[in-house]
J.: 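Structure provided below as structure tokens; questions to follow.
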2 protein chains.
Amino acid sequence: MNLTVAEENYIKSIYKLQDGQAVVSTNAIAYDLDTKPASVTDMAKKLKEKKLIDYEKYQGISLTPEGKRIAIQIVRRHRLWECFLVDKLSFSWDEVHEIAEELEHVRSEKLINRLSEFLGNPTTDPHGDPIPDAQGKFSKNKQLVSLDKATARRLEVAGVSDQSSSLLEFLNAKGIKLGTQIDVIERYEFDNSVEIKIRNQSAFTISEQVSKNIMVKIL
Amino acid sequence: MNLTVAEENYIKSIYKLQDGQAVVSTNAIAYDLDTKPASVTDMAKKLKEKKLIDYEKYQGISLTPEGKRIAIQIVRRHRLWECFLVDKLSFSWDEVHEIAEELEHVRSEKLINRLSEFLGNPTTDPHGDPIPDAQGKFSKNKQLVSLDKATARRLEVAGVSDQSSSLLEFLNAKGIKLGTQIDVIERYEFDNSVEIKIRNQSAFTISEQVSKNIMVKIL
DNA sequence: AATATTATTTAGATTTGTCTAAATTATATT
DNA sequence: AATATAATTTAGACAAATCTAAATAATATT
Ligand SMILES: [Mn+2]
Ligand SMILES: [Mn+2]
Ligand SMILES: [Mn+2]
Ligand SMILES: [Mn+2]
């Protein structure tokens with residue numbers, strides 16, 4: 001199956017949006033890929049033809065098993081390149097997404113497997129997202145909760161659910177990165193903001209938008 | 001100047017074919033890129049429009065200074081990725097060309113400069129070809145001669161002028177790689193074959209086609 | 001149930017990169 | 001110089017990926 005870059009981007013987007021959902025809407029994909037619903041409909045017909053998605057008009061889109069398999073391989077490539085950029089080329093976590101968005105389309109099994117080995121077969125990327133192995137298996141990922149829903153007092157940052165550089169830059173500025181230990185000082189009901197404290201720093205408050213996108217595990 | 005992958009491939013091909021030549025022919029480019037002369041003519045019009053080549057119909061094609069500048073950057077990316085694949089991911093020199101052919105199109109100055117640094121700012125790629133620096137300057141390259149024209153007896157392999165995996169696999173089989181020291185035992189006028197000897201090996205004969213593509217320096 | 005709103009698809013165009021077949025120009029051979 | 005051959009360009013077509021505007025279908029609201 002030889003896919004174009006555009007087809008790969010659609011497959012990956014559908015995979016991301018499906019997560020639990022039975023079916024993904026035309027509009028959701030268009031929004032995610034910054035394109036127009038009409039373009040999504042056009043592409044849906046092509047991907048259906050290639051048996052990578054199930055699609056009946058007005059009924060939404062979902063990946064076939066083969067489509068899902070391919071999506072996971074693209075995710076693997078994306079996340080391994082992100083690791084490379086951060087671990088080997090000292091990029092910071094807010095700079096790697098766009099570059100990986102291109103590198104993920106260089107298709108060579110040997111390349112990606114050698115890259116994985118070179119990086120020590122990492123199982124999570126710089127944003128805390130799990131990296132599937134060559135067979136598409138995800139290592140059992142620890143139950144993560146978003147900071148706004150976590151109940152424990154002492155937490156460790158284990159991921160971010162939004163990859164936008166605006167969020168990542170904000171977290172950089174506040175000294176929050178993967179592995180950072182956080183103590184929850186107070187939760188304010190009025191706006192759902194959270195006052196937190198990082199070791200050796202004075203406490204500060206973050207908004208609900210931010211806390212929703214910080215994934216944590218309980219220590 | 002935002003170029004497509006196709007445009008970059010054309011620019012690079014023209015750069016390679018120009019070498020000394022005042023002008024490159026439509027047919028030569030078509031052959032090199034495994035496409036048709038009519039397609040080259042179409043692309044020539046676009047690249048002329050973008051002021052990357054000089055072109056008047058029936059008069060051949062040549063790069064403008066800006067076209068040349070861009071070509072050199074693509075060559076830099078291509079060769080650095082080849083180094084990465086060989087030095088860091090233990091690919092052999094006959095496996096890297098195709099993959100680098102894709103990686104070279106990922107455009108991020110920061111990426112390529114960080115990659116260069118990570119590799120120790122190499123000045124030659126796995127095939128002995130020079131790598132231009134970020135400013136497009138080539139480090140003064142030693143005068144190389146092809147083995148069929150070299151007159152000295154003791155030589156060192158410093159490059160190959162053909163990147164095809166068929167040649168590289170042949171050289172692998174014979175134990176010839178960059179840095180290999182060769183003694184010329186005999187040159188046969190009849191078919192221009194050359195008998196050579198590599199340290200700790202018995203002598204063997206190589207054809208003119210092969211010796212033409214091995215670049216050597218005199219020790 | 002009728003109407004308004006939203007989501008989705010279709011129709012028709014555009015851009016990029018390619019092709020084949022035919023026409024034209026340049027070059028080589030007699 | 002005339003003719004043959006080779007190189008190049010043009011004309012017209014197609015596939016991929018996108019768009020806008022209009023049509024249609026699904027859903028929500030009165
Ligand atoms: Mn992508
Ligand atoms: Mn990531
Ligand atoms: Mn290329
Ligand atoms: Mn090379």
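In what follows, every chain begins at residue 1, and chains take the letters A, B, ... in the order their sequences are listed. Predicted model, so just to flag it, every value in this text is computed and none were measured. Because only heavy atoms are used, hydrogens play no part in the values below, and waters and symmetry mates are left out as well, while side chains stay in.
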J.: Please report, rounded to the nearest Å, how far the C1' atom of dA17(D) is from the NZ atom of Lys50(A).
T.: 12 Å
J.: Donor-acceptor check, side chain of Lys48(B) to backbone of Tyr55(B), threshold 3.5 angstrom: yes or no?
T.: yes
J.: It should be established whether Tyr58(B) places a side-chain nitrogen or oxygen under 4.0 Å from OP1 or OP2 of nucleotide dT10(D).
T.: no
J.: Rounded off to whole Å, could you give me the CD-to-P distance for the Glu56(B) and dT9(D) pair?
T.: 11 Å
J.: How many whole angstroms separate atom CD of Gln59(A) from atom P of dA7(C)?
T.: 16 Å
J.: What is the distance, rounded to the nearest whole Å, between atom CG of Leu47(B) and atom P of dT18(C)?
T.: 11 Å
J.: Looking at every non-hydrogen atom in both residues, tell me the closest pair between Lys88(B) and Phe118(A) and how far apart they are.
T.: O-CD1, 3.4 Å
J.: Counting only heavy atoms and a strict 4.0 angstrom limit, can you tell me which residues of residues 28-46 of chain B come near DNA chain D?
T.: Pro37(B), Ala38(B), Thr41(B), Lys45(B)
J.: I'd like to know if Glu66(A) pairs up with Arg69(A) as an ion pair, taking the criterion as any Lys NZ or Arg NE/NH1/NH2 lying under 4.0 Å from an Asp or Glu carboxylate oxygen.
T.: yes
J.: Crowded around Glu195(A) CD? As in, over 12 foreign heavy atoms under 6.0 Å?
T.: yes
J.: Around atom CZ of Phe170(B), are there more than 12 heavy atoms from other residues, nucleotides or ligands closer than 6.0 Å?
T.: yes
J.: Could you check how far CD of Glu7(A) sits from P of dA15(D), rounded to whole Å?
T.: 15 Å
J.: Using heavy atoms to find the nearest nucleotide of DNA chain D for Ala6(A) and Lys57(B) separately, return the residue whose nucleotide is more 5′.
T.: Lys57(B)
J.: Below the 4.0 Å mark, does dT8(C) have OP1 or OP2 next to a side-chain nitrogen or oxygen of Asn27(A)?
T.: yes
J.: Run the numbers on Lys12(B) and His78(B) for side-chain contact (heavy atoms from CB on, under 4.5 Å), then give the verdict.
T.: CA-CA 10 Å; Lys12(B) 190 159 66 98; His78(B) 184 100; 3.8 Å; yes
J.: Between Val23(B) and Ser62(B), which heavy-atom pair has the shortest distance, and what is it?
T.: CG2-CB, 4.3 Å
J.: Take atom NZ of Lys48(B) and atom P of dT9(D), then tell me their distance rounded to the nearest Å.
T.: 11 Å
J.: Rounding to a whole Å, what distance do you find between Ile61(B):CD1 and dA7(D):P?
T.: 15 Å
J.: Nearest whole Å is fine: how far is dG17(C) P from His105(B) NE2?
T.: 12 Å
